[in-house]
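Nothing here was measured: the structure is a model prediction, and the numbers come from that model. Below, chains carry the letters A, B, ... as their sequence lines are ordered, and counting in each starts from 1.
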Amino acid sequence: MSVSVALVDYGAGNLLSIGQALTLLGAEVHPAIRASDVGRPDLVVVPGVGAQGPAMRRLRRAGLAGALERAVAGGTWYLGICLGMQLLFERSEEDDSDGLGWIPGETRRIPSAPRLPHVGWNEVETLVPHPLLDGLPRRVPFYFVHSYAPAPVDRGVVVATTEHGGRFVSAVAAGRLLGVQFHPEKSGPEGLHVLANVLDIVAGEAPGGRPIPIDGPVAAGRGAPDGPRDGVQPAGRRGAAD
Amino acid sequence: MLLRRVIPCLDVRDGRVVKGTRFLDLVDEGDPAELAARYAREGADEICFLDITAAVEGRATLLGAVERTARQAFVPLTVGGGVRSVSDMRAVLRAGADRVAVNSAAVADPSLVDRCARRFGRQCVVVSIDARRTRGPGAAGDPGRHAADTSAGRGADGDGPAWQVVVQGGRVATGRDAVAWAVEAAERGAGEILLTSIDRDGTRAGYDLALLGAVSRAVSVPVVASGGAGSPADLVAAVLEGGADAVLAASIFHRELHGIAAVKRAMAAAGIPVRLVPEDDWPRRATAR
């Protein structure tokens with residue numbers, strides 16, 4: 001089943017990569033710039049570059065905060081990436097700003113970090129198995145770029161954590177609200193694997209049905225002699241070829 | 001644990017990747033999108049795209065080339081060159097950049113760093129510094145590989161800065177202390193310092209480890225080593241001796257003198273945590289069916 005996705009565009013950041021990734025994985029993606037663009041998709045994706053204060057102000061000014069709330073109340077799934085995950089919580093130390101407030105807890109600066117921002121690839125370690133990370137090793141590196149991370153009141157929503165000085169929460173799931181602190185759209189084949197899992201979850205399908213449409217280091221290491229040189233293939237081809 | 005990044009750099013002029021020596025004598029190296037896709041496949045942790053003549057020519061970044069590159073690589077993309085305002089930065093982000101590097105315009109008006117960080121968050125703002133030795137061993141004309149590495153940040157022969165900031169693609173010296181500028185940039189909101197030694201750029205004579213050490217000790221944000229990578233051992237030294245959080249290289253990758261995977265294996269062998277090409281120890285989704 002094709003999943004309809006509203007990709008929330010609140011005026012900052014790189015929407016191109018996440019839109020491209022979801023489209024390659026077979027989703028029907030439309031940008032949501034105004035409240036009326038959101039509608040009732042299967043999934044809203046709130047991506048994540050920016051500072052929380054300006055982001056919340058822009059979401060409110062465009063009416064997107066209310067539109068997201070209505071969609072989620074109507075059964076739409078939510079995937080927050082980086083800042084989009086942090087917005088799920090009640091407030092943030094960053095800019096002393098409030099968030100959407102759908103998951104109890106607040107976003108804090110990563111404690112005891114050797115260097116901030118936390119930029120680069122770091123291991124995401126699954127605490128509680130969840131379809132979000134299905135099919136991946138228990139510890140797998142993803143790309144991060146942030147200085148803050150959420151501290152949920154209910155530890156039961158924590159799916160995975162990551163170490164940078166101290167440990168911080170790197171993936172959450174609370175009902176139909178999903179959040180990842182890392183950038184799956186920037187984390188090579190493993191990242192696309194997570195996005196494919198999300199689409200499977202939303203579609204109510206067993207995970208594993210969506211082949212990953214790019215060559216990664218592993219495919220290259222296996223030889224993949226017939227793979228095209230441009231690195232991006234139409235969805236489905238790798239699954240068939242291998 | 002945070003892994004150290006290996007970053008191939010695409011210096012782009014007129015939509016093509018080029019590489020020179022000390023920012024001069026440019027040679028064509030290929031198409032940016034094709035190279036980015038190749039490097040992503042080979043395990044690049046990030047791609048750096050620098051429009052090297054935008055500042056000089058007084059024009060905006062090549063957004064079309066940025067977008068083509070972003071569509072090819074599902075790894076992070078840092079873009080610099082010709083970014084003079086918050087709205088320039090926004091345009092570059094919308095073209096598919098994850099982070100944006102500012103250089104000449106930030107030296108001319110340091111408040112640009114504050115404004116970009118306020119708007120997009122500091123993690124999004126990279127301040128790129130092109131530094132040149134002002135005196136002593138390893139100053140321009142003496143790219144001796146080890147000579148510079150033993151000298152301290154400030155030489156005994158004067159009180160001026162050991163490295164000065166150079167802008168406009170290496171054309172205009174400012175007299176400004178490169179280490180002091182890095183500190184100011186980080187205070188103003190830079191989320192990373194991309195530190196290029198012009199003396200070493202394209203020479204493959206090794207990074208300027210003294211410069212790198214001076215900056216990485218002085219700031220608490222990540223520092224990317226650039227300029228001079230010639231062998232895997234140079235990248236290892238940048239991390240272990242220079243304190244770099246990430247290592248950037250261009251010609252050794254473009255000319256396939258060393259592959260990204262080989263460089264990472266050398267780093268891992270030296271005890272540096274890196275993202276290695278995964279082994280076939282788990283079923284990949286694409287291939288499991």
Spell out, as yes or no, whether a donor-acceptor pair under 3.5 Å connects the side chain of A/Q20 to the backbone of B/R71. yes
Are the side chain of A/K186 and the backbone of B/V75 linked by a donor-acceptor contact shorter than 3.5 Å? yes
Given a strict heavy-atom distance threshold of 4.5 Å, which part of [X] is in contact with chain A: side chain, backbone, both, or neither?
{"X": "B/A95", "result": "backbone"}
{"X": "B/T78", "result": "neither"}
{"X": "B/V100", "result": "neither"}

Give the member of A/P141, A/P54, A/S147 that has the highest number of heavy-atom pairs under 4.5 Å with chain B. A/P141
Let's test your reading of the structure: which of A/V145, A/L116, A/V119 forms the most heavy-atom pairs below 4.5 Å with chain B? A/V119
Would you compute the distance between atom [atom1] of [X] and atom [atom2] of [Y] and round it to the nearest 0.5 angstrom?
{"X": "A/Y148", "Y": "B/Q123", "atom1": "OH", "atom2": "CD", "value": "10.0 Å"}
{"X": "B/L3", "Y": "A/F144", "atom1": "CG", "atom2": "CZ", "value": "10.0 Å"}
{"X": "B/R275", "Y": "A/E123", "atom1": "CZ", "atom2": "CD", "value": "12.0 Å"}
{"X": "A/W121", "Y": "B/D45", "atom1": "CH2", "atom2": "CG", "value": "6.5 Å"}
{"X": "A/H118", "Y": "B/D245", "atom1": "NE2", "atom2": "CG", "value": "11.0 Å"}
{"X": "B/M1", "Y": "A/E163", "atom1": "CE", "atom2": "CD", "value": "6.5 Å"}

Within the structure provided, determine whether B/F74 and A/I18 are in side-chain contact (heavy-atom separation under 4.5 Å). no
Return the set of residues passing salt bridge (Lys or Arg N to Asp or Glu O under 4.0 Å) with B/R99 (not counting sequence neighbours), or none when no residue passes. B/E46, B/E192
Salt bridge (Lys or Arg N to Asp or Glu O under 4.0 Å) filter on A/R57, not counting sequence neighbours, yields none
Presence of salt bridge, A/D9 and B/R94, under 4.0 angstrom: yes
What closest approach, in Å, do A/P117 and B/P222 show between heavy atoms, and which atom pair accounts for it? O-CG, 3.7 Å
Under the side-chain contact (heavy atoms from CB on, under 4.5 Å) rule, what do B/V219 and A/R115 come out as? Steps first, then yes or no, please. CA-CA 9 Å; B/V219 301; A/R115 282 192 194 255; 4.3 Å; yes
Option in B/A117, B/A36, B/S220 with maximal non-hydrogen atom pairs under 4.5 Å from chain A: B/S220
Does A/L16 form a side-chain contact (heavy atoms from CB on, under 4.5 Å) with B/E67? I'd like the steps, not just the answer. CA-CA 8 Å; A/L16 186 131; B/E67 182 172 335; 3.4 Å; yes
